[in-house]
Amino acid sequence: MCSSLLAYCLILAVFLSQGFIQVSCFGFNFSTFQKEDERQLILSKNSYIVQNAIQVTPDITGGSMENLSGRALYRKSFRLYKGNRTIASFNTTFVLNIQSRTSPGGEGMAFIITGNYSLPENSDEKWLGIVNANSNGSPQAMVVAVEFDTRKSYDEDLDGNHIGLNINSIDSITQVSLGGYGINISGGEDLRVHLQYDGKNLTVFVGDNKTLVLSQPLDLSAYLPEKVFVGFSASTSNQTELNCVKSWAFFGTDIGDRNLLWVWILIPAVVLALITGVLFCLCWRRDPIEQDLEGAPGNIEDEITRSNLAPRKFRLKELKQATGNFSPKYKLGKGGFGTVYKGSWRNKDVAVKRVSKKSHQGKQEFIAELTTIGNLNHKNLVKLIGWCYERRELLLVYEYMPNGSLDKFIFCDDKASMEELTLSWEQRLTIIQGVAQALEYLHNGCQKRVLHRDIKASNIMLDTEFIARLGDFGLARTIQEKEKTHHSTVEIAGTPGYMAPETFLISRATVETDVYSFGVLVLEVVCGRKPGNQSEQNNYNNSIVNWLWEYYRKGRITDAADSRMDGNFIEKEVECVLILGLACCHPNPHCRPSMRTVLQVLSGEADPPELPLERPSFVWPAMPPSFGQMDYSHKGSQLTPFTELTGR
Ligand SMILES: *[C@@H]1O[C@H](CO)[C@@H](O)[C@H](O)[C@H]1NC(C)=O
Ligand SMILES: *[C@@H]1O[C@H](CO)[C@@H](O)[C@H](O)[C@H]1NC(C)=O
Ligand SMILES: *[C@@H]1O[C@H](CO)[C@@H](O)[C@H](O)[C@H]1NC(C)=O
Ligand SMILES: *[C@@H]1O[C@H](CO)[C@@H](O)[C@H](O)[C@H]1NC(C)=O
Ligand SMILES: *[C@@H]1O[C@H](CO)[C@@H](O)[C@H](O)[C@H]1NC(C)=O
Ligand SMILES: *[C@@H]1O[C@H](CO)[C@@H](O)[C@H](O)[C@H]1NC(C)=O
Ligand SMILES: *[C@@H]1O[C@H](CO)[C@@H](O)[C@H](O)[C@H]1NC(C)=O
Ligand SMILES: *[C@@H]1O[C@H](CO)[C@@H](O)[C@H](O)[C@H]1NC(C)=O
Ligand SMILES: *[C@@H]1O[C@H](CO)[C@@H](O)[C@H](O)[C@H]1NC(C)=O
């Protein structure tokens with residue numbers, strides 16, 4: 001109790017100090033833009049997000065593109081300086097994509113730092129949304145801009161392809177043509193720009209190799225108010241172009257007084273918490289078993305207690321006894337993060353997973369398992385009975401599955417035991433239905449949406465009746481309510497062969513990537529084949545999906561069923577399940593069925609989704625199904641290139 005309290009205080013201290021560090025810098029990172037990101041921006045009347053980019057001036061879907069200007073700024077203001085003492089520094093990286101619609105294009109874009117977020121009236125044509133004829137040259141404009149000019153619209157302009165630094169004016173104090181760097185700003189290529197301000201100099205780098213193109217001593221505080229808005233402006237004239245920002249990250253030092261306040265509140269609070277903790281411990285020394293927790297990273301205990309778990313907390317002693325002191329004799333298997341032992345506890349068989357002490361990921365996995373499945377209860381999930389965290393040992397206790405994992409049965413190379421291990425069609429169908437039910441429950445049935453992220457044969461356990469139980473939640477993530485519209489969680493994880501092609505591009509798991517893995521599993525179970533080594537997008541063609549689609553195209557899909565079943569199945573059922581499996585593996589995530597639909601198909605309430613005979617190529621970004629009927633003549637003019645990652 002005492003040590004947990006101290007641990008708690010330590011956690012509090014760490015947590016608070018992290019809070020402090022976060023508060024002390026201003027930053028954001030949009031690796032792409034979604035419609036809902038509009039809330040984080042101040043968008044002028046002609047600016048909006050579409051095609052995963054900010055269209056600072058309208059794209060072709062917005063009607064006329066001529067004679068317009070726009071501004072898109074980050075909603076929160078950035079404190080540039082305070083009094084005459086400190087000037088903030090910042091870094092920003094963004095990707096512009098400017099595609100001319102006339103030759104030459106016009107007029108250009110700018111990265112702006114401004115005290116006034118409003119778009120000046122009549123700032124189209126040569127004004128780039130920076131100033132207008134009235135405010136040009138006036139300190140009231142309060143704007144510093146790095147312009148990306150795509151048209152020589154007056155004599156002072158160097159050419160139709162230059163960068164310039166402008167202060168309260170459309171005239172640049174310095175200009176550099178990008179022609180010499182092999183860059184055509186309005187050529188429709190992505191232009192990556194990195195801009196750095198250290199309080200004294202503003203430096204601009206372009207291209208993927210960060211070529212320095214402009215560096216200028218500059219005191220921003222001389223022209224701008226203390227609080228500024230950062231973002232983009234652009235304009236068109238009778239010459240037009242698509243003015244897009246495809247990604248944008250900004251990091252600045254936060255010199256607001258907010259964090260000073262934090263320091264004054266935080267430091268005494270942390271000190272007080274620690275002193276209280278230590279004093280309390282001195283009076284309460286009596287729990288020797290948990291003493292060693294003091295030296296341990298406390299956040300584990302904290303995360304577990306916070307999640308209010310139903311599973312039991314075990315003593316290390318009990319689990320040592322149950323597994324014969326983790327005797328190799330009782331070893332059931334070894335996974336990525338630890339070893340599983342068979343144990344006997346209160347005359348019941350249990351499986352005990354001992355998470356590797358060395359692995360940092362092991363700890364995360366431990367917490368993931370506990371906090372995602374700890375409170376879930378479903379007949380197709382492996383039940384977590386309890387956990388133990390003592391003497392730096394992380395242990396998880398599950399119900400024991402006498403038949404082990406599914407992979408043993410479906411990819412069996414050992415001819416001798418083949419007879420005995422072959423699953424019948426009914427068993428296979430029951431297993432598929434079981435996994436589908438588990439996944440539907442995780443996605444839609446429990447309080448918080450859970451993404452499993454690692455559906456594969458070796459993570460499906462079979463109980464005595466060969467009912468499937470989904471296990472190994474080491475990579476699972478709970479999706480918070482507010483993120484639910486995204487249906488997603490950041491960071492790539494999973495097993496090659498089961499990962500949807502878009503995983504590599506969007507770097508996140510979604511409901512649809514879980515459905516994809518489920519589809520691969522279905523195909524494996526019916527065909528008795530491994531998913532193939534599609535370790536990268538390039539190898540996507542070797543996958544079981546591609547292999548089976550070929551059978552489907554030839555109208556012989558049931559020929560792919562596992563020969564070990566000796567044709568003992570109802571052909572209609574096998575066909576339906578295989579088509580369903582393929583539909584789950586549709587290259588376009590929007591075309592994959594939801595787990596709810598999957599269940600309806602499996603129970604015969606619905607027909608399998610319609611599937612084209614030719615496997616569609618993987619294109620990104622994926623089009624929502626309704627786009628499929630769209631006039632394709634529009635497509636060529638959309639700014640996001642439709643990357644073809646695979647041929648047939
Ligand atoms: C922004 O995030 C993306 C992916 O989330 C990452 O690749 C990129 O490096 C980040 N940018 C910066 C400047 O940190
Ligand atoms: C800062 O400004 C104040 C008046 O606003 C002035 O008295 C002081 O000398 C200035 N400090 C510096 C370092 O310029
Ligand atoms: C900007 O980037 C440079 C180098 O990448 C780094 O040294 C500096 O700390 C960064 N400044 C801010 C405010 O993030
Ligand atoms: C900000 O700009 C708008 C549009 O140009 C103008 O109407 C407004 O007066 C400006 N605000 C300030 C405080 O200068
Ligand atoms: C840049 O590319 C556009 C579109 O291809 C073309 O119209 C324009 O002349 C090019 N500009 C330069 C400076 O090469
Ligand atoms: C920044 O400005 C100082 C003078 O103010 C100069 O000596 C230095 O070289 C500049 N640095 C860069 C990276 O341009
Ligand atoms: C940067 O990359 C471009 C091509 O993308 C190349 O022409 C140029 O030489 C490179 N510059 C440096 C400094 O490596
Ligand atoms: C666009 O307007 C400029 C003057 O503003 C004119 O010189 C040019 O010819 C016009 N271009 C077209 C295509 O109308
Ligand atoms: C854009 O402005 C130019 C010259 O100012 C004019 O000739 C042209 O008609 C305008 N285009 C539209 C669509 O208003």
Side-chain angles (χ1 to χ4, degrees), residues 25-34 37 42 44-45 52 69-71 73 77 90-108 112 114-124 127 129-136 138-143 148-152 157-163 168 176-196 205 208 210 223-229 233 239-243 245-252 486 488-492 503-509 636-637 639:
C25 91
F26 175 97
F28 52 85
N29 183 359
F30 296 97
S31 52
T32 173
F33 290 95
Q34 309 287 333
D37 294 330
I42 303 173
S44 74
K45 67 173 185 291
N52 298 327
S69 62
R71 273 189 182 184
L73 304 168
S77 62
F90 63 82
N91 283 336
T92 183
T93 303
F94 47 86
V95 172
L96 302 180
N97 188 298
I98 304 180
Q99 198 169 15
S100 54
R101 308 282 302 163
T102 54
S103 188
E107 293 278 335
I112 60 172
T114 177
N116 185 347
Y117 57 77
S118 307
L119 174 71
E121 308 244 302
N122 303 320
S123 57
D124 57 334
W127 303 109
I130 300 173
V131 287
N132 60 20
N134 289 334
S135 62
N136 191 27
S138 151
Q140 261 85 56
M142 295 187 292
V143 59
F148 298 84
D149 203 333
T150 61
R151 187 178 176 211
K152 182 171 165 62
D157 268 354
L158 206 55
D159 60 11
N161 187 33
H162 66 265
I163 289 190
N168 290 328
V176 184
S177 170
L178 289 191
Y181 296 92
I183 293 171
N184 179 353
I185 303 177
S186 60
E189 304 269 318
D190 283 358
L191 175 62
R192 184 175 296 274
V193 180
H194 181 77
L195 215 134
Q196 238 169 270
F205 304 86
D208 294 335
K210 283 201 181 177
Y223 311 102
L224 295 166
E226 291 191 6
K227 283 188 178 170
V228 294
F229 296 90
S233 70
Q239 307 293 116
T240 61
E241 62 192 15
L242 296 165
N243 289 312
V245 185
K246 291 172 75 170
S247 67
W248 181 26
F250 184 101
F251 300 100
H486 275 277
S488 68
T489 166
V490 187
E491 89 207 302
I492 296 187
T503 315
F504 302 97
L505 294 174
I506 59 175
S507 306
R508 54 162 71 127
S637 50
L639 48 122

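For clarity, every value in this text was computed on a predicted model and none was experimentally measured. We count ligands from 1, going down the list as the structure has it; atoms in each ligand are counted the same way. In what follows, every heavy atom counts, from backbone to side chain, and hydrogens, waters and symmetry copies are set aside.
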If you scan protein heavy atoms around atom 4 (C) of ligand 4, the nearest is Ser118 CB, 3.9 Å
Any Ser100 heavy atom less than 4.0 Å from ligand 5:
yes
Problem - Over 12 foreign heavy atoms within 6.0 Å of OH, Tyr223 - result: no
For His194 and Thr93, does a side-chain donor sit closer than 3.5 Å to a side-chain acceptor? yes
Result for side-chain contact (heavy atoms from CB on, under 4.5 Å) between Asn184 and one of Asn161, Thr150, Ile98 points to Asn161
Here the atoms of ligand 5 under 4.0 Å from any heavy atom belonging to Gly187 are 2 (O)
Atom CZ of Phe229 with >12 non-hydrogen neighbours under 6.0 angstrom: yes
**ligand 4 N/O within reach of Glu121 N/O, cut-off under 3.5 Å** = no
Among non-hydrogen protein atoms, atom 6 (C) of ligand 4 lies closest to Asn116 ND2, 4.1 Å
closest protein heavy atom to atom 7 (O) of ligand 5 is Ser103 OG, 3.2 Å
> Going by heavy atoms, is Phe30 under 4.0 Å from ligand 1?
Replying inline: no
In this structure, atom 12 (C) of ligand 5 is nearest to the protein heavy atom Asn184 ND2, 3.4 Å
* To do: For the pair Asn132 (side chain) and Asn122 (backbone), establish whether a donor and an acceptor sit closer than 3.5 Å, ignoring hydrogens and angles.
  => no
Would you say Ile112 and Leu73 make side-chain contact, with heavy atoms under 4.5 Å?
yes
Passes side-chain hydrogen bond (donor to acceptor under 3.5 Å, both in side chains), Ser123 versus Ser69? Steps please. CA-CA 6 Å; Ser123 57; Ser69 62; 2.9 Å; yes
Give the ring-plane orientation class for Phe94 versus Phe148, where under 30° counts as parallel, over 60° as perpendicular and anything between as tilted.
perpendicular
The protein heavy atom nearest to atom 5 (O) of ligand 4 is Pro120 CA, 3.7 Å
Of Asn29, Thr92, Asn91, the one whose closest heavy atom lies nearest atom 2 (O) of ligand 1 is Asn29
Per-atom filter on ligand 1: closer than 4.0 angstrom to a heavy atom of Ala249 are 13 (C)
Any non-hydrogen protein atom below 4.0 Å of atom 14 (O) of ligand 5?
yes
